[in-house]
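Heads up: the structure comes next, in structure tokens.
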Amino acid sequence: MPEGFVGRGLRRVEDARFLTGRGRYVADLQEPGQLHGVVLRSPHAHARIAALDAEAARAMPGVRAVLTGEDLAAEGLGPLPCPATVQTVGGPLIIPPRHALARERVRHVGEGVAFVVADSAAAARDAAEAIRVAYEPLPAVTEAPAALVPGAPLLWEEAPGNLAFRFEKGDRAATEAAFADAAHVVALDLVNQRVHAAPIEPRAAIARHDPATGGFDLLLAGQSVHNIRDQLADAVFRLPRERIRVHCPDVGGGFGLKNFLFPEYVMLLSAARRLGRPVRWVADHTEEFLAAVHGRAVQGRGRLALDAEGRFLALHAEMIADLGAYCSPAGPACPTNSFSTAVGGPYAIPAMLVEVRGAFTNTAPVDAYRGAGKPEANYLTERLVEEAARRCGFDPVELRRRNLVRHFPYRSALGMMMDCGRFAENLEEAARLADRPGFAARRAESEARGRRRGLGLACFLETARGAPQEWGGLRFEADGTVSILLGTQSNGQGHETSFAQVAADRLGLPVERFRLVQADTAAIPRGAGHGGARSLHLGGGALVLAAEALLGKARAIAAHLLQAAPSELDFAAGRFTVRGTERGVTLAAVAEAARDPASLPEGMAPGLAAEALNPEDRVTFPAGCHVAEVEVDPETGAIALLRYQAVDDYGRLVNPLLTAGQVQGGVAQGIGQALMEAVAYEAGSGQLLSASFMDYCLPRAADLPALEIGFGECPTASNPLGVKGCGQAGAIAAPQAVMAAVLDALAPLGVTALDMPATPLRVWQAIRTARDG
Amino acid sequence: MYDFAYHKPGSVADAVKLLTADPEARPISGGQTLLPALKHRLNRPTALVDLSGIAELKGIRKEGDTLTIGALARHVDVAESAEVTSAIPALARMAANIGDIQVRNRGTIGGSVANNDPAADYPAAVLGLGATIVTDRRRIAADDFFQGMFTTALEPGELLVAIEFPIPEKAGYAKMRNPASRYVMTGAFVARLRSGEVRVAINGAGPCVFRQAEMEKALSANWSPEAVANIRQSPEGLNSDIHGSAEYRAHLVTVMAKRAVAEAG
């Protein structure tokens, strides 16, 4: 469709709303008669609650209720579930009860202990300060390896040794045999540090309860309304699902964090039911640092076996995953299932083995963050490739070239079926952009100024899908617009534009005619929300199926109106015509006619709408090659990122402008992880040392060079649009590219090992250690 | 934020009267430190005395060898002042690099110096230039003013009115920022005064801005970056946090001093 909308870099239709302050976020919305909730949080990493006295707080002006763990227990509320399924070995995944408010014991700083509801947020905060909690502190452990050491402080009786699960995937015998016969073996101990997604809009929600119907209404800043609804209904409140409506207004970023059911939503719903009034809660950023979920937090040892020519023979990953104090809904799945889909990256590695131990620690729960296991897998893989190049004397580009998957379909050692890709083209184009021949001169120029320059190149492979299946619908409305109904969700990705482009081409209508309906369990019968770079792949596929169904119905109506057989009609540019004649009717006219039963074929229901469930469960394989060039100030350890280039394949691009925006955002977060970001707990006390942006370093615009992002389109057959997921890729690619550049810069100084984030302090320490031994 | 009363006096005398009458009242100028503390409920003053309406606290003027900056001069005012730029360019450059644009458009020199945050910029210039603090009741030498972390010679109710900077022969400032907060992790302000005195003030590294005597001596003998390049600051007593250990800060003292001298020319 050369004249179509798909493939055009349209500016987002939602931008006018967002950029002029007319977006509607939860914090903007006020409910008549609303009350305000504030969570009293544990100041201890691990403690027994000996006593909780809320009498003074309850008596304070404006206070309507103070809820405790005992109150929620008396209400019969179930714990927050963890629906993750992990193929464990040596026993099932242990999921300890996670109650919305702590009962008897707190297990991380920031865990909710009481929920105060008052006429104003200030009154609720005053009252929270008046609650007296007698804590008996217990020893705490905040690092996963330490938690697995015998004798470590124990979080859960049901999880001896703090071990939540043991996971194993791959062919152990084949892997061990390959290592035994290898000409080269390299090994690396790596930490993929705990980070915080930090969406600009913190979590927020407003809960209402209708005593007439017994139904709940939860308006929240979320990414996955159906999952949250189902978990609330099935596990916590034990109600029929249709009695709980969960919906979102505009959402200001999520990055995975907002997919999940959080304790605060349970507190809000309980309070709304008890008090018969709407109750709202808007987190501040400190609460988000303390008590949302963190991401990554995986560490361990990777090994790579190579033959004499540098061909990869086997990869072995032995990881420890930090789950935090509880199993968050997808927490155990990210470092296991998800990690295993992407480990080995775009390389042909005949044997692989992944072993993961999950540990409980006295920290906030860990769950999916942009990539969710795949950044960890790709980082491990690429660091091993770099290490092999350095240790064994291979050129890093040539070593990659020699091992990339080139023939498709390709079935990986862990069972992933890659349908297509342009891995080699991505690498060659990126290597050309990197201007390797000119690097020596650039390095010399830096050295003349007392700086060390480094060039890094790294590949990535994303395995994009998230939850399988998706639902979509299309409906002509009375006002002439067409509603696109989807079970996926935009929280800033531009779906109002990209999905309209898809629908516009299918229906031959302008993009302005479409309205996106999303994120509402009352309007959308089912869906899996946002996550896993799944929206265009699965939601786009659902939309195409819905469009086909809608056109089928429209064709029948048009045939009736034109007094022709449906098979005699052609559809093009939004118009049905009787083949070989000038006679025709537009789709808009068909939709108008469909409102009148008299215009319809016998027995057809009025209105023009269709829906479809897309049963697709295949994964798409976005991939690319990224290049970073850095300059290190060896005196201070400070790193300047000078250049960043990417050559990526996301299949066919529906809107290249939005794709570039997605990649930019992901790359910025990946750079943040490589150079700046780290959640830091104090050993022993378990206090969070990075509880605000004063201590948690996010990249600023000035930290980033202009990102040069190019695309090569290799369409997948896994969906009718040929698209591959682009939302997570930047965060999956950037850490290893940046770290390769940093290590390249530091190599002349003798630095061979460095973990993220490569902060000035860390870099200076690494240089000093290399120098002083 | 807890509730507080709000006053907006029109004169230094009225402000001092309000502050003296209520020991729990706090003066506020740009609010770049106090307001976040209030929002986090870390501070509970009974009243805020807003200084922004007091004309006596405003203005930047050069008289002879002295540059006088009123307490209410915002960082952006200092950065863009022709008087400051011509008399003490290092001070204007310092002001231009404090915090971010929002902070520079609100924060004031009086607030920064009176607060004496160890990670603030201005105390290094005040101490490094040997400036004089003018209050509603007396004049205090910089060497006597900064007494410890968030502690100064100001008495309860005493108001910082202006700062008198001697115009130096040359001066320079270099700093390493905390990557997250962008506050000073370690900075060095170096100056050679017209009297011939050389001063080196270190901020960010310790609990309070301090002078580096060994470097002052070395620079007196030989004003060059090389003169300080091998002088080691002891890490003892220096600040340590997740962004910088005491050893790292001690190392940065030398690096920043060297760069400050280079900048001073």
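Protein chains get the first letters and strands the later ones, always in sequence-line order, with residue 1 at the start of each. We use all heavy atoms of the structure for the numbers below, so side chains are in, but hydrogens, waters and symmetry mates are not.
- When every heavy atom of B:Met176 is checked against every heavy atom of A:Ala638, the shortest pair comes out as CE-CB, 4.0 Å.
- Only the side chain of B:Leu252 comes within contact range of chain A, with at least one heavy atom under 4.5 Å from a heavy atom of that chain.
- Remark: of the listed residues A:Asp695, A:Thr759, A:Leu761, A:Leu689, A:Asp695 is the sole one forming a side-chain contact (heavy atoms from CB on, under 4.5 Å) with B:His243.
- Put simply, the side chain of B:His251 does not reach to within 4.5 Å of the side chain of A:Arg768, judged on heavy atoms.
- For B:Arg177, no part lies under 4.5 angstrom from a heavy atom of chain A.
- Interface remark: A:Glu682 contributes no atoms to any contact with chain B (heavy atom separation under 4.5 Å).
- Within the 4.5 angstrom heavy-atom criterion, only side-chain atoms of B:Arg41, from C-beta onward, approach chain A.
- Heavy atoms from other residues, nucleotides or ligands lying under 6.0 Å from CD1 of B:Ile101 number 12 at most.
- B:Ser245 touches chain A through backbone and side chain together, each having a heavy atom under 4.5 Å away.
- For the set A:Arg762, A:Glu129, A:Glu677, A:Gln765, the entry with the most heavy-atom pairs within less than 4.5 Å of chain B is A:Glu129.
- Counting heavy atoms from C-beta outward, A:Thr286 and B:His40 have side chains that approach closer than 4.5 Å.
- In this structure, A:Glu143 places its CD atom where only 12 or fewer heavy-atom neighbours from other residues, nucleotides or ligands lie under 6.0 Å away.
- Only the side chain of A:Asp703 comes within contact range of chain B, judged by heavy atoms closer than 4.5 Å.
- The local environment of CZ in B:Arg106 is sparse, with at most 12 non-hydrogen atoms from other residues, nucleotides or ligands closer than 6.0 Å.
- Between B:Glu247 and A:Trp764 the shortest side-chain heavy-atom distance falls below 4.5 Å.
- Dense packing is recorded around CG of B:Leu42, with more than 12 heavy atoms of other residues, nucleotides or ligands lying under 6.0 Å away.
- Proximity to chain A is absent for every atom of B:Asp3, based on heavy atoms less than 4.5 angstrom apart.
- Scanning all heavy atoms of the two residues, the minimum distance from A:Pro760 to B:Tyr248 falls at CB-OH, 3.2 Å.
- At least one side-chain heavy atom of A:Thr636 sits less than 4.5 Å from a side-chain heavy atom of B:Met256.
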